[in-house]
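Below: the structure, in structure tokens.
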Amino acid sequence: MTDALGAAAAPLLVTSPTIRSGSTLVQRLLCSAPDGLVYGEEIGKDVEFQLQVLASRRLVYRQSGPRFGEALAQVLAGRTDDWIIDLMPDMAGYVAALERGALAGLEACRAHAASVGRPTWGFKYPGMAPAAMSLLAELSPGLRVVYVVRQLAGTLRSAKAWGALPDEAWTRRLCEDWVTHQRFVHGLRARVPVLVLRHEALVADPATAVARLRDFAAIGAPDVGVLARRINAPAGEDYREPAPLSADEAAWVEAANAAAPAWDGID
């Protein structure tokens, strides 16, 4: 394993258990600070994809590394009368290069943010796959996570208004993801600095929540007026009022609330 990005260059990751949790609100806050720039979800998609590919290839090379090493040694010794279609270079150096490549996009983000005078940088991606988050933490030891947790009922109502839950299976899956993602991040705190922000606390007591965010991100003063501007749709579209929950949906929310981990002392 290599420090592919470098602790000093590590990003802020703004994420949440699922979509419609408030990660965009926190992104807007951080971007409103004079020294902050938090890129959007396309970056998150790219990073997650590259890390998933990296994880798969590292598994292959971990299992087949000795065989590749023997083949390379034979060729370098002049013995080429063998099946060498999968001849590989030094595996340690090659895998280290793949690790750097997986985070090349993030390095471009860091360089761009620095070039425009925004040294505190990162990206936002709600519901980032736990395996990808774990690997990102491994490759970028200075990673810090801002974790936005919203009550499931509010998340579900907002997701319904967006049309993101076309049927019962999607709705139940969101409830399950809301629980499992929190369990993962609860454990991740032993390895990575995590700031947990409740969406409800951010709205009800913005001064306290923003102070915690500034302290964690080491960032200048954001524009707290961002919090007064409700945006949950693309530019040009009207605000989408949250949709009511059915009796079944309310029951699923209650069950998920009972299964979710406790976040003590974060409000």
Side-chain angles (χ1 to χ4, degrees), residues 13-31 38-49 122-133 145-186 188 194-204 206 209 213 226-263 266-267:
L13 167 60
V14 178
T15 188
S16 54
T18 67
I19 61 170
R20 313 310 306 155
S21 295
S23 62
T24 301
L25 180 59
V26 173
Q27 177 197 23
R28 291 169 55 218
L29 265 176
L30 290 168
C31 284
V38 174
Y39 300 97
E41 295 179 21
E42 292 305 315
I43 299 298
K45 293 174 186 176
D46 289 343
V47 171
E48 184 178 73
F49 174 75
F123 67 99
K124 84 105 168 176
Y125 191 40
M128 187 173 188
M133 287 181 65
V145 176
V146 178
Y147 197 53
V148 189
V149 179
R150 184 179 186 180
Q151 290 180 357
L152 181 55
T155 297
L156 207 58
R157 292 180 64 209
S158 181
K160 285 185 67 176
W162 257 74
L165 304 173
D167 54 37
E168 177 181 318
W170 281 76
T171 304
R172 295 179 72 99
R173 175 63 182 272
L174 185 142
C175 293
E176 294 168 1
D177 289 347
W178 185 82
V179 173
T180 57
H181 203 275
Q182 288 187 70
R183 288 175 176 169
F184 166 75
V185 174
H186 209 274
L188 184 68
V194 176
L195 173 67
V196 181
L197 284 178
R198 287 197 188 277
H199 176 270
E200 293 76 16
L202 183 59
V203 173
L213 181 62
V226 164
L227 297 171
R229 297 188 286 274
R230 299 196 305 171
I231 299 174
N232 70 351
E237 294 189 18
D238 294 333
Y239 179 82
R240 303 178 186 182
E241 291 293 340
L245 301 183
S246 68
D248 283 343
E249 290 165 346
W252 300 334
V253 166
E254 184 177 356
N257 285 334
W263 298 101
I266 64 170
D267 292 323

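Here, residue 1 is the first one in the sequence, and each next residue gets the next number.
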Residues Trp252, Glu168; criterion side chain to side chain contact (heavy atoms under 4.5 Å, CB included); working and verdict: CA-CA 11 Å; Trp252 300 334; Glu168 177 181 318; 3.2 Å; yes
Candidate pair Glu42 and Lys45, rule salt bridge (charged side-chain N to carboxylate O under 4.0 Å, His left out), full reasoning: CA-CA 5 Å; Glu42 292 305 315; Lys45 293 174 186 176; 2.9 Å; yes
Verdict with reasoning, Leu152 to Cys175, per side chain to side chain contact (heavy atoms under 4.5 Å, CB included): CA-CA 7 Å; Leu152 181 55; Cys175 293; 4.0 Å; yes
Test log, rule salt bridge (charged side-chain N to carboxylate O under 4.0 Å, His left out), inputs Glu249 and Lys160: CA-CA 11 Å; Glu249 290 165 346; Lys160 285 185 67 176; 2.9 Å; yes
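Residue Thr18 comes nearest to Leu174 through the heavy atom pair CG2-O, 3.8 Å, listed as atom of the first residue, atom of the second, then distance. Leu213 and Leu195 get closest at one heavy-atom pair: CA-CD2, 3.7 Å. Heavy atoms only, all atoms of each residue included: Cys31 and Val38 are closest at SG-N, 3.3 Å. Nearest heavy atom pair, residue Ala129 against residue Glu48, reads N-OE2, 2.8 Å. Taking every heavy atom of both residues into account, Ser158 and Pro242 meet most closely at N-CB, 4.3 Å.
Taken to the nearest 0.5 Å, the CD atom of Glu176 stands 11.0 Å off from the OG1 atom of Thr171. Residue Trp178 holds its CH2 atom at 10.5 Å from CG of Leu156, rounded to the nearest 0.5 Å. Taken to the nearest 0.5 Å, the OG atom of Ser16 stands 11.0 Å off from the OH atom of Tyr125. We find the CZ-CG distance between Arg150 and Leu202 to be 11.0 Å, quoted to the nearest 0.5 Å. Between Phe123 atom CZ and Glu41 atom CD the span is 11.0 Å, to the nearest 0.5 Å. Note that OG of Ser21 and CZ of Arg198 are 12.0 Å apart. Values are rounded to the nearest 0.5 Å.
Looking at Arg183, its side chain does come within 3.5 Å of a backbone N or O of Ala259 through a donor-acceptor pair. Side chain of His181 to backbone of Met128: a donor-acceptor contact under 3.5 angstrom is found. Asp46 contributes no side-chain N or O that, together with a main-chain N or O of Phe49, makes up a donor-acceptor pair within less than 3.5 Å. Proximity of a side-chain donor or acceptor of Arg20 to a complementary backbone N or O of Thr155 within less than 3.5 Å is not detected.
Side-chain contact between Leu188 and Met133 is present, with at least one heavy-atom pair separated by less than 4.5 Å. Contact annotation: the side chain of Trp263 approaches that of Gln182 to within less than 4.5 Å [non-hydrogen atoms, C-beta and beyond].
Side chains of Thr15 and Lys124: a donor-acceptor N/O pair is absent below 3.5 angstrom, by distance only. Side-chain contact of Tyr147 with His186: a donor-acceptor pair under 3.5 Å is absent, judged by distance alone.
Shown here is Gln151, whose CD atom has no more than 12 heavy atoms of other residues, nucleotides or ligands within 6.0 Å.
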